[in-house]
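See structure below.
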Amino acid sequence: MTATNWTDNIYAANGWAKAHGGTTEVREAATGNVLTRIGVADDSDVNTAARTAAKAGAAWAETPFDQRAAVMRKAAALLQERAATFNDWNVRECGSIVPKAEWELHATVEQISMAAALPMEAHGLLFPSSMPGRTNMWRRVPIGVVGVIAPWNFPLLLGMRSVAPALALGNAVVLKPDTQSAVTGGLLVAQLFEDAGLPAGVLQVLPGGAATGDALVRHPAVGMISFTGSTAVGRQIGEICGRMLKKTALELGGNNAMVVLADADLDGAASCAAWSAFLHQGQICMQAGRHLVHRSVAEAYAGKLRERAAALHVGDPAKGPVHIGPLINDRQVAKVHDIVQSSIKAGARALIGAAHEGRMYQPTVLVDVTPDMPAFKEEIFGPVAPITIFDTDEEAIELVHRSDYGLAAAIHSLDLGRATAMAERLRCGMVHINDQTVNNEFQVPFGGMGASGNGGRFGGPANLDEFTQTQWISSKARPIRYPF
Ligand code: NAD
């Protein structure tokens, strides 16, 4: 292991620093081998980071907009230059297959590039006034310190989709990556922005677990929490922030339905199904976790999906091209296997898969899945495609809504009018017709409904709303005279 700036360290106060929470080993997802050691931030580190960020952020907000934009552009260019390093870490630390790591990097470059344009946007409006001679200026101002808490599955993209717009709009950021992805999603990012010329203190990166995240959420100097992760943790964070009157963006779990109507292009549907069920081992919030298929085509659909699953190679992505890499940790393997096995016990049948070697889980297709089974009810986060049959469009809609989640859905039908009418009735933040559920286009606002989120939206025009607050300043040349 070659020592780097971040070996044993966190990025707090004004740069690389020893952590008060000790250190932790970073292990390769596929092999469990130790890759490096990093610092773990504790409460006192969170306090130092938040206070430093508040001070540095005030100066950053006053920095001319074109200088802020230039730092963001430099960061995007440097990220592109360092693609090989980021991708290698993403593969080894997070178990990503190479194309997934490459796509994530590309998407993150786009996110930062898009954020670089934000400082040039109009940041306010002038409104008419009922008072003669009065000017009503309504303007966006930074929130101050934004706390970003990110998960391990797309650590670079899901951190940066908040970090980049928040910084560009004049906020300081304290980023808390998961310790399972802290190099890819945190410490390499700290180095990137340092080298791009971001002033010291404006970005703090604090690897740590639940305790570190909790300290960040509760810190009074942090004005907003942008959290991506599980619904259970999102609820806790929402409660705390609610009491403290902090702004929150909560992007949470999903159990997304792919609806296949009788008139679907079945080959196309099966291709979409395989991609959205098995990409990144199914560890994606938008994974198609429930395949709702019309009775008349269910058997053919299951057969086509089984064929596609059988053609996938599972293995260590650092050793050669594979379609499916390891699950992130042993706990996740046990959880996925338990969902599969308990559903089989309850009457589901595995057409393929339902087995694993270590963390390598075979792509699995389950048929005869009913809504009372764990494979239908739970977010699986593994390469598993459970198929449930319906008879009418109404029944399909009702099945989609059997989940409290409302992140993404897909509908397959060659009758676009019928599919659009169904899409309009779904309580889901994102619905894709004749496509699959795992879709993210950076320029389109992204977000879930129900238990999948609180209406926080990332991307495109939503970023301006998310990472600013507004202020009304009215002015008049001479004081107004009131009746008393
Ligand atoms: P998680 O909720 O366990 O952890 C997410 C982050 O929160 C991690 O950094 C973790 O350290 C931190 N954390 C944990 N407990 C905390 C606490 N009490 N206070 C503050 N921070 C805390 O989720 P995960 O297992 O890392 O990620 C998988 C989940 O994330 C899935 O449910 C998935 O659907 C969801 N997810 C959602 C989206 C989306 O955009 N909607 C994207 C990716 C993942």
Side-chain angles (χ1 to χ4, degrees), residues 21 24 29 40-41 43 46 94 96 100 104 107 111 147-162 174-182 184-186 205-219 222 225-241 246 248-256 276 279-289 327-329 331-332 335-336 378-382 403-408 428-430 437-440 442 444-459 462 466:
T24 188
V40 175
D43 286 19
V46 171
C94 314
S96 302
K100 180 268 188 187
E104 186 173 355
Q111 288 280 359
V148 177
I149 300 178
W152 47 263
N153 60 340
F154 278 73
L156 183 58
L157 178 63
L158 298 181
M160 291 309 294
R161 73 178 174 184
S162 296
V174 181
L175 167 65
K176 192 213 76 68
D178 194 299
T179 48
Q180 297 172 104
S181 54
T184 313
V205 179
L206 307 181
T212 315
D214 186 63
L216 182 60
V217 169
R218 291 176 193 274
H219 200 286
V222 175
I225 294 291
S226 180
F227 171 80
T228 303
S230 63
T231 296
V233 174
R235 278 189 210 283
Q236 286 175 36
I237 291 177
E239 278 177 29
I240 297 164
C241 289
K246 287 188 188 191
T248 54
L250 303 174
E251 285 300 341
L252 311 176
N255 188 2
N256 313 286
S276 54
L279 180 66
H280 197 36
Q281 297 78 262
Q283 302 170 119
I284 305 182
C285 54
M286 296 168 281
Q287 179 198 26
L327 292 181
I328 188 72
N329 56 38
R331 208 166 6 97
Q332 192 62 20
K335 186 191 150 210
V336 171
E378 290 184 36
E379 181 185 41
I380 302 177
F381 243 53
S403 170
D404 290 339
Y405 293 117
L407 191 56
C428 293
M430 300 171 284
T437 52
V438 182
N439 264 298
N440 187 356
F442 342 108
V444 186
F446 173 108
M449 295 179 182
S452 293
N454 68 342
R457 292 286 184 279
F458 299 114
E466 241 1 80

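The figures that follow rest on heavy atoms only: side chains count, while hydrogens, waters and symmetry mates do not. Atoms within each ligand, like the ligands themselves, are counted from 1 in listed order. Residue numbers run from 1 in the order of the sequence given.
Note: no N/O pair closer than 3.5 Å links Thr231 and ligand 1 by distance alone. Considering backbone and side-chain atoms alike, Arg161 places an N or O below 3.5 Å from some N or O of ligand 1. Looking at ligand 1, you'll find an N or O of Leu252 within less than 3.5 Å of one of its N or O atoms. For ligand 1, one of its N or O atoms has an N or O atom of Lys176 under 3.5 Å away. No N or O atom of Asn153 sits closer than 3.5 Å to an N or O atom of ligand 1. Between Ile149 and ligand 1, no pair of N/O atoms sits closer than 3.5 Å. For ligand 1, the polar-atom distance check against Gly229 finds a nitrogen or oxygen pair separated by under 3.5 Å.
Using a 4.5 Å heavy-atom cutoff, the side chains of Phe446 and Glu251 are in contact. Residues Phe154 and Asn440 are not in side-chain contact: their nearest non-hydrogen atoms beyond the backbone lie 4.5 Å or more apart. Residues Ile240 and Asp214 are in side-chain contact: their nearest non-hydrogen atoms beyond the backbone lie under 4.5 Å apart.
When each atom of ligand 1 is checked for a heavy atom of Thr228 under 4.0 Å away, the hits are 5 (C), 37 (C), 38 (C), 39 (C), 40 (O), 42 (C), 43 (C). Those atoms of ligand 1 with a heavy atom of Cys285 less than 4.0 angstrom away are 33 (C), 34 (O), 36 (N), 37 (C), 38 (C), 39 (C), 40 (O), 41 (N), 42 (C), 43 (C), 44 (C). For ligand 1 and Leu158, the ligand atoms under 4.0 Å from any heavy atom of the residue are 42 (C), 43 (C). Close approach of ligand 1 to Asp178 (heavy-atom distance below 4.0 Å) involves ligand atoms 8 (C), 9 (O), 26 (O). Interface atoms of ligand 1 facing Ile237, defined by a heavy-atom separation under 4.0 Å, are 20 (C).
In this structure, Leu250 CG and Ser452 OG are separated by 11.5 Å, a value rounded to the nearest 0.5 Å. How far OG1 of Thr184 is from CG of Asp178: 11.0 Å, rounded to the nearest 0.5 Å. Taking NZ from Lys176 and CG from Leu216, the interatomic distance works out to 8.5 Å, rounded to the nearest 0.5 Å.
Looking at atom 18 (N) of ligand 1, its nearest protein heavy atom turns out to be Gln236 OE1, 3.4 Å. At the top of the distance list for atom 27 (O) of ligand 1, counting protein heavy atoms only, stands Pro151 CB, 3.6 Å. For atom 32 (O) of ligand 1, the nearest non-hydrogen atom of the protein is Glu379 OE1, 2.7 Å. When only non-hydrogen protein atoms are considered, atom 15 (N) of ligand 1 lies nearest to Ala210 CB, 3.4 Å. Ranking the protein heavy atoms by distance from atom 19 (N) of ligand 1 puts Asp214 N, 3.6 Å first. If you check which protein heavy atom lies closest to atom 22 (C) of ligand 1, you get Val233 CG1, 3.7 Å. Looking at atom 21 (N) of ligand 1, its nearest protein heavy atom turns out to be Gly213 CA, 3.6 Å.
Ionic pairing of Arg235 and Glu239 is not present here: no N-O contact between side-chain nitrogen and carboxylate oxygen is shorter than 4.0 angstrom.
Less than 4.0 angstrom separates atom 41 (N) of ligand 1 from at least one non-hydrogen atom of the protein.
The two residues Ala182 and Pro207 make their nearest non-hydrogen contact at CB-CB, 3.8 Å. Across every non-hydrogen atom of Pro155 and Cys94, the tightest pair is CG-SG, 3.8 Å. The nearest pair of heavy atoms linking Arg457 to Met449 is NH2-CG, 4.3 Å. For the residue pair Asn153 and Phe381, the shortest heavy atom distance occurs at ND2-CZ, 3.5 Å. Between Gly382 and Leu327, the closest heavy-atom pair is CA-CD2, 4.3 Å.
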Verdict with reasoning, Cys241 to Phe227, per side chain to side chain contact (heavy atoms under 4.5 Å, CB included):
CA-CA 11 Å; Cys241 289; Phe227 171 80; over 6 Å; no
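Side chain of Lys246 to backbone of Val217: a donor-acceptor contact under 3.5 angstrom is found. Not a single donor-acceptor pair under 3.5 Å links the side chain of Thr437 to the backbone N or O of Ala408.
Nearest-heavy-atom check against atom 26 (O) of ligand 1 across Phe154, Trp152, Tyr405 picks out Trp152. In this structure, of Pro155, Ala249, Ser230, the residue bringing a heavy atom nearest to atom 3 (O) of ligand 1 is Ser230.
For Phe227, the heavy-atom gap to ligand 1 drops under 4.0 angstrom. The shortest separation from a heavy atom of Ala150 to ligand 1 is under 4.0 Å, placing the residue in contact.
For Phe446, every heavy-atom contact with ligand 1 shorter than 4.0 Å involves the side chain, none the backbone.
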